[in-house]
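This report concerns only the one structure given below.
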Amino acid sequence: MTVSGSQYLLQVKNLKKHYASKSGFLSRVKPVVKAVDGIDLDIRKGEILGLVGESGCGKSTLGRSILRLIEPTSGNVVFEGRDILSCNREEMRLLRKEMQIIFQDSGAALNPRITIGEIIGAPLDIFGLAKEEEKERRIIELLELVGLNKDYVNRFPHEFSGGQKQRIGIARAIAVQPKLIVCDEPVSALDVSVRAQILNLMKKLKNQFELTYLFISHDLSVVHHLCDRIAVMYLGKIVEIADRDELYRNPSHPYTKTLLSAIPNLDPESKRERIVLEGDVPNPSSPPSGCHFHTRCPYRMERCSVDAPSLQRIGDHHSVSCHLFDDQH
């Protein structure tokens, strides 16, 4: 599967990742957890696409499936016109130079037994990008790029704060000069002041190296500050996607409206009301029929429990998956 002359760096088509969960003592059928359930997603070259949703909706699974850190059940992931799900092990190894990840838990992502210099230098060794003096120079350059002292090169991960560890993770990710970086909630575990510093650093590096980010987060304030477009995910599916300002100005899916209503409002004269949903998030091993959101939706109709809505365009660069907009087409 190839796409020539595309403005998109990455195109995800009907991607699924299903897990067979453990069956109960008397159960003969193992329930299937549909963590990612038919995702279509395009990421343009040089943009930051935000991916938001409640914990457990499948955001991290989607990001790791795109990179094949988790093997998808089915679908297509087309990177620069090439379907990476058809690549063999060696082809995939070479492609990893173009696609990197920044993990949420920066401490767990760093090997505690080796120095920071060895951690950052490992990708250079793997892809044969630099050796000896050139490698040492490059490691120091990367440390300084992310705001760390070059003297840290021989220290170990336990000697650093959470924010510093995340800077080390960022340095490792950009060491091979990738084109796409999946950022899996990279600031959610950090203090607010440190969070702002890391976000500004990521924005600076994005512009300096012409990077493309898939930025996964549950914090809509962070996403609004950083991203160009935003995709909203619920129970394994994309329910809305739009340019950042359009989404905040004109949220269309009931779930998106609920998420935005939860953002703290510092304007005392604002009359925005918090929307509280009914019930809990359904079990992904037994999702509701029809629209997955209908059991909690204040606008549900009879057909919502039967027919699953498709993602449809409702404006320039704005698509939504909701039966409320069926009559507009």
Side-chain angles (χ1 to χ4, degrees), residues 2-13 15 36 39-53 58-60 62-67 75-84 95-102 104 170 173-174 176-188 195-196 198-233 238-253 256 259-260 311 313-321:
T2 60
V3 181
S4 59
S6 174
Q7 63 173 314
Y8 298 108
L9 181 69
L10 184 82
Q11 295 177 293
V12 177
K13 303 295 182 185
L15 190 68
V36 174
I39 294 289
D40 290 335
L41 197 66
D42 297 327
I43 304 180
R44 302 167 186 154
K45 296 174 182 176
E47 81 166 339
I48 305 177
L49 176 66
L51 182 64
V52 300
K59 304 186 300 295
S60 294
L62 173 59
R64 296 181 188 212
S65 296
I66 286 172
L67 299 180
N76 300 101
V77 179
V78 180
F79 179 79
E80 291 194 317
R82 184 179 187 182
D83 188 352
I84 69 172
L95 269 174
R96 297 218 182 276
K97 179 180 177 296
E98 309 294 339
M99 301 180 292
Q100 290 289 304
I101 185 169
I102 300 170
Q104 176 181 4
I170 293 170
I174 66 172
V176 294
Q177 299 180 333
K179 295 177 181 177
L180 171 70
I181 300 180
V182 173
C183 311
D184 188 5
E185 304 216 37
V187 297
S188 63
R195 187 178 303 178
I198 297 298
L199 290 173
N200 289 333
L201 170 64
M202 293 181 66
K203 204 164 190 178
K204 172 188 169 185
L205 293 173
K206 182 260 181 188
N207 294 329
Q208 185 172 349
F209 296 105
E210 299 181 343
L211 298 170
T212 301
Y213 291 153
L214 172 61
F215 190 89
I216 299 168
S217 179
H218 63 268
D219 190 330
L220 281 156
S221 298
V222 167
V223 170
H224 188 233
H225 169 74
L226 186 70
C227 299
D228 302 304
R229 287 191 302 145
I230 300 171
V232 181
M233 192 168 178
I238 299 295
V239 297
E240 186 165 4
I241 184 167
D243 290 342
R244 173 191 61 197
D245 293 335
E246 168 67 12
L247 188 84
Y248 279 74
R249 182 175 57 247
N250 183 33
S252 299
H253 196 280
T256 307
L259 292 180
L260 292 177
L311 199 63
R313 178 166 293 185
I314 60 171
D316 292 338
H317 311 300
H318 193 168
S319 298
V320 65
S321 177

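This structure is a prediction, so every number in the text was calculated from the model and none was measured.
When every heavy atom of Ser60 is checked against every heavy atom of Ile216, the shortest pair comes out as CA-CD1, 4.3 Å. Of all heavy-atom pairs between Leu211 and Pro178, the closest is CD2-O, 3.2 Å. Shown here for His318 and Ala242, the closest heavy-atom pair between the two residues is CD2-CB, 3.5 Å. Considering all non-hydrogen atoms of both residues, His218 and Ser188 come closest at CE1-CB, 3.8 Å. Listed here is the closest heavy atom pair of Gly50 and Val223: CA-CG1, 4.3 Å. A pairwise comparison of heavy atoms in Asp40 and Ile238 identifies O-CG1, 4.3 Å as the closest pair.
Side chains of Pro186 and Ile198 form no contact here, defined as non-hydrogen atoms less than 4.5 Å apart. Taking the side chain as every heavy atom from C-beta outward, Arg313 and Ser319 approach each other to under 4.5 Å. By the 4.5 Å heavy-atom criterion applied to side chains, Leu9 and Ile43 are not counted as neighbours. Under the 4.5 Å side-chain criterion, counting only non-hydrogen atoms from C-beta, Ile241 is in contact with Leu49. With contacts defined as side-chain heavy-atom distances shorter than 4.5 Å, the pair Glu47/Arg229 qualifies. Looking at Tyr213 and Leu205, their side chains come closer than 4.5 Å, going by heavy atoms from C-beta outward. Put simply, the side chain of Glu240 does not reach to within 4.5 Å of the side chain of Val52, judged on heavy atoms. A heavy-atom distance below 4.5 Å is found between the side chains of Asp245 and His224.
Note that NZ of Lys203 is 9.0 Å distant from SG of Cys227, once rounded to the nearest 0.5 Å. Distance CG/Leu51 to OG/Ser217: 9.5 Å, rounded to 0.5 Å. With values rounded to the nearest 0.5 angstrom, Leu41 atom CG is found 7.5 Å from Leu10 atom CG. Rounded to the nearest 0.5 Å, atoms CD1 (Ile101) and CZ (Arg96) are 10.0 Å apart. Expressed to the nearest 0.5 Å, how far OG of Ser221 lies from CG of Leu226 amounts to 12.5 Å. Interatomic distance, CG of Asp228 versus NZ of Lys206, reported as 5.5 Å (0.5 Å rounding).
Paired with Val12 under the rule side-chain contact (heavy atoms from CB on, under 4.5 Å), one option of Val36, Asn76, Ile66, Asp42 passes, and it is Ile66.
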Worked verdict on Asp83 versus Lys13 for salt bridge (charged side-chain N to carboxylate O under 4.0 Å, His left out): CA-CA 10 Å; Asp83 188 352; Lys13 303 295 182 185; over 6 Å; no
Intermediate values then yes/no, side-chain contact (heavy atoms from CB on, under 4.5 Å), Tyr8 and Val78: CA-CA 9 Å; Tyr8 298 108; Val78 180; over 6 Å; no
CA sep, side-chain torsions, deciding dist, call: Met202, Ile48, side-chain contact (heavy atoms from CB on, under 4.5 Å): CA-CA 10 Å; Met202 293 181 66; Ile48 305 177; over 6 Å; no
Pair His253-Val232, side-chain contact (heavy atoms from CB on, under 4.5 Å): steps then yes or no: CA-CA 9 Å; His253 196 280; Val232 181; over 6 Å; no
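Counting heavy-atom neighbours within 6.0 Å of Asn207 CG, excluding the residue itself, gives a total above 12.
Side chain of Lys59 to backbone of Gly53: a donor-acceptor contact under 3.5 angstrom is found. Not a single donor-acceptor pair under 3.5 Å links the side chain of Asn250 to the backbone N or O of Glu246.
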